[in-house]
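Residues: numbered from 1 along the sequence shown. Because only heavy atoms are used, hydrogens play no part in the values below, and waters and symmetry mates are left out as well, while side chains stay in.
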Amino acid sequence: MKTAIYPGSFDPVTNGHLDIIQRASTMFDKLIVVVLINPLKTYSFSIPERVDLLSRVTAGLGNVEIDSYDGLLADYFKQHDVDVIVKGLRATSDFEYEFQMAHTNKDLNPRAETVFIPATANTTFISSSMVKQVAMFGGNLSKYVPSIIHEDISRKLKREFERKREEAAKKRGLDD
């Protein structure tokens, strides 16, 4: 049985992520989508929220599991008897970074092989950062995130943006 992991922050999960998940799930007996925790990053969605969103969009994929992990991916690879790491690529800039990470994971764990799956033409420009910006300004996310979670993402990000706007306004008022 071949098991793969697809790691990422998924903050939030996009149609691009879902495309990679769906395609990878047909290539492997089991696919574990792992929400990684990076203490150096600031997230809009908590770990439980990201796990929930991923669980909802992958509910129909019987061989896909959702997990979260706080540590080195190479260690997760060892602990869960995984065969391969799946990484999605949108552009050459992604490749440079992911290529470096693939070599780092291989150095940390000689069994850690990485498979790259290129984004489809209609998802190559979609990123979680872009989704956040569109949502915060009230734009339509229907082309960028799965429909089952569209409203949840829009609502949360609009609230976050309004909170940050209020904080900035208060700060400007104090600085005057």
If you count heavy atoms of other groups shown closer than 6.0 angstrom to OH of Tyr97, is the number above 12? no

Between Ile20 and Gly88, the two heavy atoms sitting closest are CD1-CA, 4.0 Å

Closest non-hydrogen atom pair, Val131 against Leu141: O-CD2, 3.6 Å

What are the two closest heavy atoms between Ile21 and Leu54, and how far apart are they? CD1-CD2, 4.0 Å

Heavy-atom pair with the smallest gap, counting every atom of Ser127 and Met130: OG-N, 3.0 Å

Distance-only donor-acceptor hits, side chain of residues 68-78, under 3.5 Å, sequence neighbours excluded:
residue	atom	partner	partner atom	Å
Tyr69	OH	Gln79	NE2	3.3
Tyr76	OH	Asp67	OD2	2.7

For Phe116 and Pro118, the nearest pair of non-hydrogen atoms, with its separation, is O-CD, 3.9 Å

Does the pair Lys41/Asp11 count as a salt bridge with the N-to-O cut at 4.0 Å? no

Side chain to side chain donor-acceptor pair (under 3.5 Å) test vs Asp19 passes for just one of Gln22, Arg23, His17, namely Arg23

Compare all side-chain heavy atoms of Val57 with those of Ile149 and state whether any distance is below 4.5 angstrom. yes

Is there a path from Leu89 to Val33 through hydrophobic residues (I, L, V, M, F, W, Y) whose side chains come within less than 4.5 Å of each other? no

Side-chain touch Asp83/Arg111, heavy atoms, less than 4.5 angstrom: yes

Give the cluster check for Ile85 versus Ile37: same hydrophobic cluster or not, with ILVMFWY residues linked at side-chain heavy-atom distances below 4.5 Å. no

What I'd like to find out is whether the side chain of Thr58 reaches to under 4.5 Å of the side chain of Leu61, using heavy atoms alone. yes

Spacing of Glu166 atom CD and Lys164 atom NZ [to the nearest 0.5 Å]: 13.0 Å

Assess whether a salt bridge exists between Arg163 and Glu167, defined as any Lys/Arg side-chain N lying under 4.0 Å from an Asp/Glu carboxylate O. yes

Could you give the distance from CD1 (Ile153) to CD (Glu49), rounded to the nearest 0.5 Å? 10.5 Å

Hey, mind stepping through Glu160 and Lys132 against salt bridge (charged side-chain N to carboxylate O under 4.0 Å, His left out) and telling me if it holds? CA-CA 10 Å; Glu160 180 180 319; Lys132 288 178 191 181; over 6 Å; no

Check whether Asn109 reaches the backbone of Asn105 with its side chain - one donor and one acceptor, N or O, closer than 3.5 Å. no

Quick one: does Val35's side chain get under 4.5 Å of Ser9's, heavy atoms only? no

Is there a path of hydrophobic side-chain contacts, each under 4.5 Å between heavy atoms of I, L, V, M, F, W or Y residues, that connects Phe10 with Ile32? no

Considering all heavy atoms, the nearest Leu31-Ser25 contact: CD2-N, 4.0 Å

Does the ring of Tyr6 carry Lys87 above it, NZ/CZ under 6.0 angstrom from centre and within 45° of its axis? no

Test item: Ile148 and His150 side chains (from C-beta on) under 4.5 Å apart, heavy atoms: no

Check whether Val115 and Met1 end up in the same hydrophobic cluster, where Ile, Leu, Val, Met, Phe, Trp and Tyr are linked by side-chain heavy atoms less than 4.5 Å apart. no

Under 3.5 Å donor-acceptor, Asp107 side chain and His103 backbone: no

Asn15 side chain vs Thr123 backbone, donor-acceptor pair below 3.5 Å: no

Please determine if Lys156 and Asp152 form a salt bridge, counting it only when a charged side-chain N lies under 4.0 Å from a carboxylate O. no

Could you check if a side-chain atom of Lys30 sits within less than 4.5 angstrom of a side-chain atom of Glu65, using non-hydrogen atoms only? yes

Take Ile117 and Val86, measure what side chain to side chain contact (heavy atoms under 4.5 Å, CB included) needs, and give me the verdict at the end. CA-CA 7 Å; Ile117 300 177; Val86 171; 3.7 Å; yes

Without swapping roles, check the side chain of Ser128 against the backbone of Pro12 for a donor-acceptor pair under 3.5 Å. yes

Using a 3.5 Å distance criterion without hydrogens, assess whether the side chain of Tyr43 forms a donor-acceptor pair with backbone atoms of Asn38. yes

Spell out, yes or no, whether Ile47 and Ile5 are grouped together once hydrophobic residues are joined by side-chain heavy atoms under 4.5 Å, including indirect joins. no

Should Phe45 and Leu53 count as side-chain neighbours, where that means a heavy-atom distance under 4.5 Å? yes

Measure the shortest side-chain to side-chain distance between Lys158 and Glu162 over non-hydrogen atoms and say whether it is less than 4.5 angstrom. no

